[in-house]
Amino acid sequence: MSARNWGTELDLSWISKIQVNQPAVLRRAEQIQTRRTVKKEWQAAWLLKAVTFIDLTTLSGDDTSSNVQRLCYKAKYPIREDLLKALNMHDKGITTAAVCVYPARVSDAVKALKTAGCTIPVASVATGFPAGQTHLKTRLEEIRLAVEDGATEIDVVINRTLVLTGQWEGSDFIKTSTGKETVNATFPVAIVMLRAIRDFFWKTGNKIGFKPAGGIRSAKDSLAWLSLIKEELGDEWLTPELFRIGASTLLSDIERQIYHHVTGRYAAYHDLAMC
Amino acid sequence: MAATRARPSAREIFATLEYGPVPESHACALAWLDTQDRRLGHYVSGKWLKPEHRNSVPCQDPITGESLASCLQAQAEDVVAAVEVAGKAFENWSGLPGASRAQHLIRLAKMIQKHQRLLWTLESLVTGRAVREIRDKDVPLAQQLLQYHAVQACTQEEVLAGWEPMGVVGLILSPTFSFLEMMWRICPALAVGCTVVVLVPPASPTPLLLAQLAGELGSFPGILNVISGPASLGPVLASQPRVQKVAFCGAVEGGLRLLIQESVWDETMRRLQERMARLRAGRGLDGAVDMGARGAAAHDLAQRYVREARSEGAQVFQAGDVPSDSPFFPPTLVSDLLPASPCSQAEVPWPVVAASRFRTAKEALAMANRTPRGGSASVWSERLGQALELGYGLQVGTVWINAHGLRNSEVPTGGCKESGSSWHGGLDGLYEYLRPSGTPGRLAYFSESMNYDTFGLAVPSTLPAGPEIGPSPTAPYGLFIGGRFQAPGARSSRPIQDSQGKLHSYVAEGGAKDIRGAVEAAHQATPGWVSQSPGARASLLWALASALERRESALASRLERHGVEFKAAKVEVELSVRQLRAWGARAQAQGHVLQVAELKGPVLRLREPLGVLAIVCPDEWPLLAFVSLLAAALAHGNSVVLVPSGACPIPALEVCQDMATLLPAGLVNVVTGDRDHLTRCLALHQDIQALWYFGSAQGSQFVEWASAGNLKPVWVNRGCPRAWDQEAKGAGPELGLRAARTKALWLPMGD
């Protein structure tokens, strides 16, 4: 994440002027999922591209160093080598965009990635994830410790108490949700967020990143997210610096689709490595 | 703009992240054409007809120009035969219980469901429209239409008691139509018991496929017949004695006119351009394409318009991912056209959007209404009050608030002004194919020898007609215009004889100038009357009723002089009073709210006044017919110009004396004189919103011909007298339907 939001004067009128035409947003969300399908080579290429946007994530209470290590290895080799060769993409260094773990697992991840000899960044959720309802002091400390352990990206849960009372915070990247809510990344919500990103860019020239997280499981979903970004923000946002997908099981479905594209057969579970 | 090129590799696409083709296989459409040996005939009575010795025209892929099939062109005798079949089928079909018709329509809906891929690929293949649009919108709506109308057929005996199906309906489709437009019309017609003959323009296979699907249900093969032929067969179909109604349906949606408030102009244009740049055009059968192509003619039309607009100084913005070769045309935004430039007056062609600025909402409304078209419009505003004000004020059939293009089988769609005056969908759509039970059907009166240039042109000169044995009291004299009696422009009079042939009195001889004055006066009274609440309108009608009651003996004796028996004359006055009260009461029960599937929020079905309504009253029932027509028109908020009974105009003039004191000036205007001449003046007046004519068959024919100039709705009786004293056949619900127009106001909600 190189681009930085250097901020701007807080102008609350920007926020109070925002109007959302909900029925229209719902229609647009429905349309975008059916009107921009990609097939054949295009589908394979787009799916590989989607891999490069994934923040490969494990956020379980029972995470240990062994499954984090497995995750990191999968992040480095997301698609079976022979499949990439068949597509002539083996020399493109396709990896996921980052791995994303709890603060306590950051050092495991950093170690595993170092052993595997790769430079994929480690992202950590922090600040009392997923509720964010802890003291500011402990939240700041949490960030400090995660960074100390080698995390280079922090997904901060903002203080929603402040938001709901009209006290806003700034950021470089905005995320649809923690992925731990009952409703997570949905297209209608994403459209509203993307339009806000666009408006901010038009007003200030600052590009803010976007990360949908939670519930994105199928390869088809990931394609729809890519076309949503392409349609609403344009190709310049289709880079890991500005777009990430937070997911854990998505990658295996993408790999299965690639397998099908290359071989013409649907893969059995044992054909592909788990993560 | 993408040109055709070699297929890129995954590696290249990975870098560019471009979209690729998503071709929809149209093998089934071609296979279907093969079943007819690529030679399409007509589908009549459940069978394919391929008569010998007919011309044929090629049906081409509008994008590649490839010939798909050849289509036989019908001749007059084929039309006659199809009408014959539909006439026979009508006897059976209309006699069925509604529930049986409902079942048949449901079976057709299922048939469409089973063959939907064939339907959407065929339609996209031959029209070039985007297959997604047809697949996701048109085909589901076609099924929904059948299902909705099946329900209506099922409850017809109960809900539409007192109405019967008209008979054979002739439907004429314009060259660029969508099959959905045909469904909007045939579904209600079939549901209420009518049978249909559709005349489709050359090379339109989809209606033939639909007819085949309906025919293959086995039973009732003759209810839907499709023949393809040139537009010149339209009059042949229309003049068939068995055809009771002719419906015409126009083109698919053209371009758009956009009015944007100055304060948000820059912002809106920026967003619009941003979005337009992301539109993708291409072959209709590509699943990832937003817009297809509509053939070379549409392309040329758009190109000409844009060139013209440029030369008139307009800004032109074109964008989108569009193949550079014809017939594709990029989405185009034309702005800063001046209102007086020819392009501003012309219809905007697809795919062009013409944007202009306005300062205030009031100005926007004036700009939007200053067009001869009146189909649909959408209002985008975050201020609900303002949006509703505009929604009510727009002279169109459908208004969407903060949405566009929504349609549902339950919501009537139609239009006003030159967009036509018929309705599709909802209850309004059903009435289009019904008439009050027992009323005579349409007579095939059509005089070839009628001279439109001279009908009613000259006014026979009238001379003094013998001794004026003054009736007592003296009958009112003058034209009732703008709330008072005025001398006619011609300064001459015509004698009115009583039943004995003696001179009763003179009435003023009205002419073109008087009609002009009356229409002007009516227009001035319109805004005030429209803004009155239904309750206020009702109380004025009731006051008029009481005034009539007080005048009962005078009115009865006037009628008596014209040969009406004393008792019958009293009854006529009583009935007239009752009509005024009844319409007053009905004024309060108008419009309602619809709740439709797939839409959060209500759709308001409004009943709006037509505007200035001209009525030529019949000779029969000189008082009752005059009052009934007047009452219905006023109750619905119209202002009126009336020509009273020719033989017996005095009772109407008597009523004017009360109207002078009770009603706002100009709301009702009564012009006496030569009926043919006045009819001519009214029919040729462009600023009358509707014309009702009760008189001769010849006069009816003239009214229909002359009113075609601005497509104002007309209602003519073709020389058939009505039983004005009977509820159903006289001044019943039919009058109420005709006296107002429907508007659907969509209010999607969500926070």
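Each chain gets a letter, A, B and so on, in the order its sequence line appears, and its residues count up from 1.
With chain A as partner, the option from B:L599, B:D136, B:V289, B:V22 having the largest number of non-hydrogen pairs under 4.5 angstrom is B:V22. Among A:L47, A:D199, A:V38, the residue making the largest number of heavy-atom pairs under 4.5 Å with chain B is A:D199.
Note on ring orientation: taking the six-membered ring where Trp is involved, the planes of A:W237 and A:F201 are perpendicular (angle over 60°, cut-offs 30° and 60°). Using a 30° and 60° split on the angle between ring planes, A:F200 and A:W14 fall in the perpendicular class, above 60°.
Within the 4.5 angstrom heavy-atom criterion, only side-chain atoms of A:K40, from C-beta onward, approach chain B. Proximity to chain A (any heavy atom under 4.5 Å) is restricted, for B:L406, to the side chain, taken from C-beta onward. Looking at B:N402, both its backbone and its side chain come within 4.5 Å of chain A, counting heavy atoms on both sides.
Contact annotation for residues 258-265 of chain B against chain A (heavy-atom separation below 4.5 Å): no residues qualify. Proximity to chain B at a heavy-atom threshold of 4.5 Å picks out A:Q19, A:N21, A:Q22, A:P23 from residues 15-26 of chain A, in numerical order. Residues of residues 273-281 of chain B placed with any heavy atom under 4.5 Å of a heavy atom in chain A are listed by number as B:E274, B:R275, B:R278, B:L279, B:R280.
Centroid-to-centroid, the aromatic rings of A:W42 and B:F14 stay 6.0 Å apart or farther.
For B:Y392, the ring pair (Phe, Tyr, Trp, His ring centres under 6.0 Å) test picks out no residue, with sequence neighbours left out.
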Residues A:R28, A:E232; criterion salt bridge (Lys or Arg N to Asp or Glu O under 4.0 Å); working and verdict
CA-CA 11 Å; A:R28 172 89 175 131; A:E232 292 292 332; 2.9 Å; yes

